[in-house]
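For ligands, and for the atoms within them, numbers begin at 1 and follow the listed sequence.
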Amino acid sequence: MASSPHSSSHLYFLLAFFLLLAAATAFPVTSEFELGRQRRIHFRVYFHETFLGPNNTTVTVVNMSLPNTFGDVDIFDAVLRTGPSKRSTEVGRAQGVSFHISQRDESSLIPLVLVFTAGDFCDSTLTVIGRLDDSGNADRAIVGGTGVFQFAWGNVVSKPVSSDDVGVVAAFDIYVVYYDGVRLTAIA
Ligand SMILES: *[C@@H]1O[C@H](CO)[C@@H](O)[C@H](O)[C@H]1NC(C)=O
Ligand SMILES: *[C@@H]1O[C@H](CO)[C@@H](O)[C@H](O)[C@H]1NC(C)=O
Ligand SMILES: *[C@@H]1O[C@H](CO)[C@@H](O)[C@H](O)[C@H]1NC(C)=O
């Protein structure tokens, strides 16, 4: 007679156990590292995007000419400033791609990197991904970072503050969790 379901599940358990053991020996862990003190901060930067003119920061690389811009792809290298005015200090760039993913409205899926080029976070980046809907409001996830923001996570809430045919300015409220003094060097 065939083995009972009970004994076959034992067999699977044993198999899984030996597979895990094999995996553990195949990737030897040599040390652990420290994350340091967790910090949770909020700050605001302004996203300045220009569609038209000689200093445009966005180019449309795919234009499907479908309703609701479905299928279009834009690449942008927008300016991050401390304020909504064009004259406010530049603190970085927002570089990413806007994939027009909706047949019903002009929503986009946007992976982007916030590259800080001045101030406390100079040379650090945050990687953000999420959806921007028709309203121009978005609530997007910070999925990681580099530099000061190594091992960061969090959320970016954005809303437009002004827009015209030439461009748009949006406020980015950045809520980020990161760690002071990450030590990637081995500890005992
Ligand atoms: C945007 O700038 C590029 C060059 O950087 C130019 O080829 C393109 O025509 C411009 N687009 C608009 C809409 O001004
Ligand atoms: C484009 O940028 C250049 C160099 O930064 C600047 O001198 C010029 O005034 C800008 N043009 C417009 C239309 O903003
Ligand atoms: C796409 O092409 C259509 C038809 O040529 C044009 O009317 C429209 O402005 C273009 N859209 C973009 C975003 O360039």
Side-chain angles (χ1 to χ4, degrees), residues 39-178:
R39 302 201 56 190
R40 298 178 294 275
I41 59 167
H42 162 238
F43 61 98
R44 178 180 275 203
V45 289
Y46 289 82
F47 171 91
H48 291 250
E49 182 179 23
T50 310
F51 309 123
L52 294 178
N55 297 333
N56 59 343
T57 60
T58 299
V59 288
T60 298
V61 293
V62 176
N63 180 356
M64 299 295 293
S65 297
L66 292 172
N68 295 312
T69 67
F70 181 57
D72 286 9
V73 178
D74 307 317
I75 292 182
F76 59 88
D77 180 9
V79 185
L80 294 175
R81 296 186 186 281
T82 52
S85 156
K86 271 191 177 62
R87 286 179 303 279
S88 49
T89 310
E90 178 172 339
V91 289
R93 311 294 288 199
Q95 299 172 328
V97 185
S98 174
F99 297 97
H100 296 242
I101 49 163
S102 176
Q103 292 180 296
R104 294 187 182 163
D105 57 40
E106 292 196 10
S107 301
S108 296
L109 168 68
I110 306 184
L112 75 155
V113 182
L114 304 178
V115 183
F116 299 101
T117 54
D120 292 345
F121 308 131
C122 189
D123 296 330
S124 298
T125 69
L126 287 171
T127 299
V128 179
I129 189 161
R131 189 170 177 275
L132 177 68
D133 71 21
D134 251 351
S135 68
N137 294 307
D139 187 357
R140 290 175 276 192
I142 295 171
V143 295
T146 63
V148 169
F149 294 130
Q150 235 171 14
F151 303 103
W153 45 281
N155 194 256
V156 177
V157 179
S158 61
K159 59 173 192 295
V161 293
S162 67
S163 70
D164 56 27
D165 293 341
V166 174
V168 61
V169 176
F172 276 29
D173 280 296
I174 298 173
Y175 298 87
V176 62
V177 179
Y178 69 104

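Heavy-atom neighbours of Asp164 CG from other residues, nucleotides or ligands within 6.0 Å: above the threshold of 12. Heavy atoms from other residues, nucleotides or ligands lying under 6.0 Å from CG of Asp123 number 12 at most.
The OG1 atom of Thr69 sits 4.0 Å away from the CD atom of Glu106 when rounded to the nearest 0.5 Å. Summarising the geometry, atom CG belonging to Leu114 is positioned 12.5 Å from atom CZ belonging to Arg93; distances are rounded to the nearest 0.5 Å.
Taking any N or O of Asn56, backbone or side chain, at least one lies under 3.5 Å from an N or O belonging to ligand 1.
If you check the side chains of Asn56 and Thr58, you find no donor sitting under 3.5 Å from an acceptor. Judged purely by distance below 3.5 Å, without hydrogens or angles, the side chains of Arg81 and Thr89 never pair a donor atom with an acceptor atom.
Within the 3.5 Å criterion, the main-chain N or O of Asn63 finds no donor-acceptor partner in the side chain of Thr60. Within the 3.5 Å criterion, the main-chain N or O of Thr50 finds a donor-acceptor partner in the side chain of Thr57.
Counting atoms of ligand 1 from 1 in the listed order, those under 4.0 Å from a heavy atom of Phe51 are 12 (C), 13 (C). Atoms of ligand 3 found under 4.0 Å from any heavy atom of Thr60 (numbered from 1 in listed order, with element): 13 (C). Annotation for ligand 1: atoms under 4.0 Å from non-hydrogen atoms of Gly53 are 14 (O). Counting the atoms of ligand 2 from 1 in the order shown, those under 4.0 Å from a heavy atom of Asn55 are 1 (C), 2 (O), 3 (C), 8 (C), 10 (C), 11 (N), 12 (C), 14 (O). Interface of Ser65 with ligand 3, defined as ligand atoms under 4.0 Å from a residue heavy atom, comprises 1 (C), 2 (O), 3 (C), 4 (C).
Of the protein's heavy atoms, none falls inside 4.0 Å of atom 9 (O) of ligand 3. Less than 4.0 angstrom separates atom 2 (O) of ligand 3 from at least one non-hydrogen atom of the protein. Contact annotation for atom 5 (O) of ligand 3: protein absent (non-hydrogen atoms, distance under 4.0 Å).
Among protein heavy atoms, atom 13 (C) of ligand 2 sits closest to Pro54 CG, 4.1 Å. Of the protein's non-hydrogen atoms, the one nearest atom 14 (O) of ligand 3 is Asn63 ND2, 3.5 Å.
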